[in-house]
Amino acid sequence: MLISTSILKIQNDLEKIKKIDQSSTDYIHFDVMDGQFVPAKTEYPDLSFLQKPIDLHLMVQDVKSYVLNYQSLHPVYITFPYEKHDHLLDLISFVRKYAKVGIAISPKTDVEVLRPYIDQIDLVLVMSVEPGKGGQPFQKEVLQKLDTLKEWQKQFSFVIEMDGGINEETISLCRGIDFAVVGSFITDFEDPEEQISKIKKAN
Ligand code: DX5
Ligand code: ZN
């Protein structure tokens with residue numbers, strides 16, 4: 001399992017972001033919000049100095065514009081939300097021009113909605129909190145989605161990412177995930193390395 005550290009809560013603290021970039025996190029999870037798909041709006045400083053691979057999580061209405069805005073950071077994955085979007089096949093092929101493609105599903109969304117697209121995407125992001133802000137408690141009800149996704153993984157090649165409320169306790173519930181997005185549990189503390197090793201030990 002790989003760790004993708006969310007820098008949402010430290011978006012304006014360049015020193016802290018640099019510390020994460022120099023830590024042993026596998027990826028940097030970059031949450032982008034537009035004030036429309038979710039009430040919050042993110043404003044990041046220039047992050048072109050980042051060395052770690054980037055996992056871009058768009059929580060936006062106008063996916064294409066945001067892909068164009070952020071493609072210069074060369075994200076490995078670009079994930080957009082299933083909810084409130086039509087023409088998903090068109091969005092998938094647009095995003096694929098720039099990165100591997102992920103689709104996120106909110107806690108109340110049935111995983112079965114992804115069945116028609118599963119052979120075309122590289123990542124499924126299972127939201128374990130409502131998208132919109134960091135620091136919310138993990139919703140255990142979403143865990144059942146992992147059974148279906150693991151079944152699909154026997155046939156299709158995509159990775160499973162879990163995002164929201166992950167700490168050293170809740171990580172042990174997420175059996176079989178490929179990527180754990182961790183925000184507060186890493187960035188609320190002085191020493192990211194110590195927090196990352198707690199997650200790795202607990203998994
Ligand atoms: C929530 C974001 C998450 C969040 C994770 O909308 O997608 O990536 O920042 O932060 P924690 O780990 O604090 O829930
Ligand atoms: Zn996220």
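Quick note: residue numbers are just sequence positions, from 1. Quick note: numbers below take in every heavy atom, side chains included, and nothing from hydrogens, waters or symmetry partners. Order of listing sets the numbers, starting from 1, for every ligand and every atom in it.
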Once rounded to the nearest 0.5 Å, what's the spacing between atom [atom1] of [X] and atom [atom2] of [Y]?
| X | Y | atom1 | atom2 | result |
| --- | --- | --- | --- | --- |
| Lys19 | Thr5 | NZ | OG1 | 13.0 Å |
| Thr109 | Glu83 | OG1 | CD | 3.5 Å |
| Ile7 | Asp13 | CD1 | CG | 10.5 Å |
| Met59 | Tyr66 | CE | OH | 11.5 Å |
| Leu56 | Ile78 | CG | CD1 | 5.5 Å |

*Using the six-membered ring wherever Trp is involved, compare the ring planes of Tyr27 and Tyr77 and label them parallel, tilted or perpendicular (cut-offs 30° and 60°).*
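If you compare the ring of Tyr27 with that of Tyr77, the planes turn out tilted.
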
Is it the case that [X] and [Y] place a side-chain donor and acceptor less than 3.5 Å from each other?
| X | Y | result |
| --- | --- | --- |
| Ser184 | Lys9 | yes |
| Gln153 | Lys150 | no |
| His29 | Asp31 | yes |

*Could you tell me which N, O or S atom of Asp31 is nearest to the Zn ion (ligand 2)?*
OD1

*asked:* Which atom name does His57 have for its N/O/S atom nearest to the Zn ion (ligand 2)?
replied: ND1

Relative to the heavy atoms of [X], which atoms of ligand 1 are at a distance of less than 4.0 Å?
| X | value |
| --- | --- |
| Val181 | 8 (O) |
| Pro131 | 6 (O) |
| Gly165 | 11 (P), 12 (O), 14 (O) |
| Gly135 | 11 (P), 13 (O), 14 (O) |
| His29 | 8 (O) |
| Leu8 | 9 (O) |
| His57 | 7 (O) |
| Gly164 | 14 (O) |

*Can you check whether Glu130 has an N/O within less than 3.5 Å of an N/O in ligand 1?*
no

*If we only count N/O pairs under 3.5 Å, is Gly132 in contact with ligand 1?*
yes

*asked:* Measuring from non-hydrogen atoms of Lys9 to any atom of ligand 1, is the shortest distance under 4.0 Å?
replied: no

*Could you tell me whether Lys133 approaches ligand 1 through its side chain, its backbone, both or neither, with non-hydrogen atoms closer than 4.0 Å?*
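It is the backbone that gets close, since no side chain atom is under 4.0 Å.
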
*Examine the proximity of ligand 1 to Ser184 and report which part, side chain or backbone, both or neither, has a heavy atom under 4.0 Å away.*
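The answer is both.
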
Measure the distance from [atom] to every protein heavy atom, then report the residue, atom name and distance (to 0.1 Å) of the closest one.
| atom | result |
| --- | --- |
| atom 2 (C) of ligand 1 | Asp31 OD1, 3.4 Å |
| atom 5 (C) of ligand 1 | Asp163 OD1, 3.5 Å |
| atom 12 (O) of ligand 1 | Gly183 N, 2.8 Å |

*Roughly, to 10 degrees, what angle do Asp163 atom OD2 and His29 atom NE2 form around the Zn ion (ligand 2)?*
100°

*asked:* What verdict does the salt bridge (charged side-chain N to carboxylate O under 4.0 Å, His left out) test give for Asp90 and Lys64, after you've listed the backbone C-alpha separation in whole Å, the side-chain angles of each residue and the deciding distance to 0.1 Å?
replied: CA-CA 10 Å; Asp90 173 49; Lys64 290 183 180 178; 2.9 Å; yes

*Is there side-chain contact between Leu91 and Val67, with at least one heavy-atom pair below 4.5 Å?*
no

*Any side-chain heavy atom of Glu141 sitting closer than 4.5 Å to one from Pro107?*
no

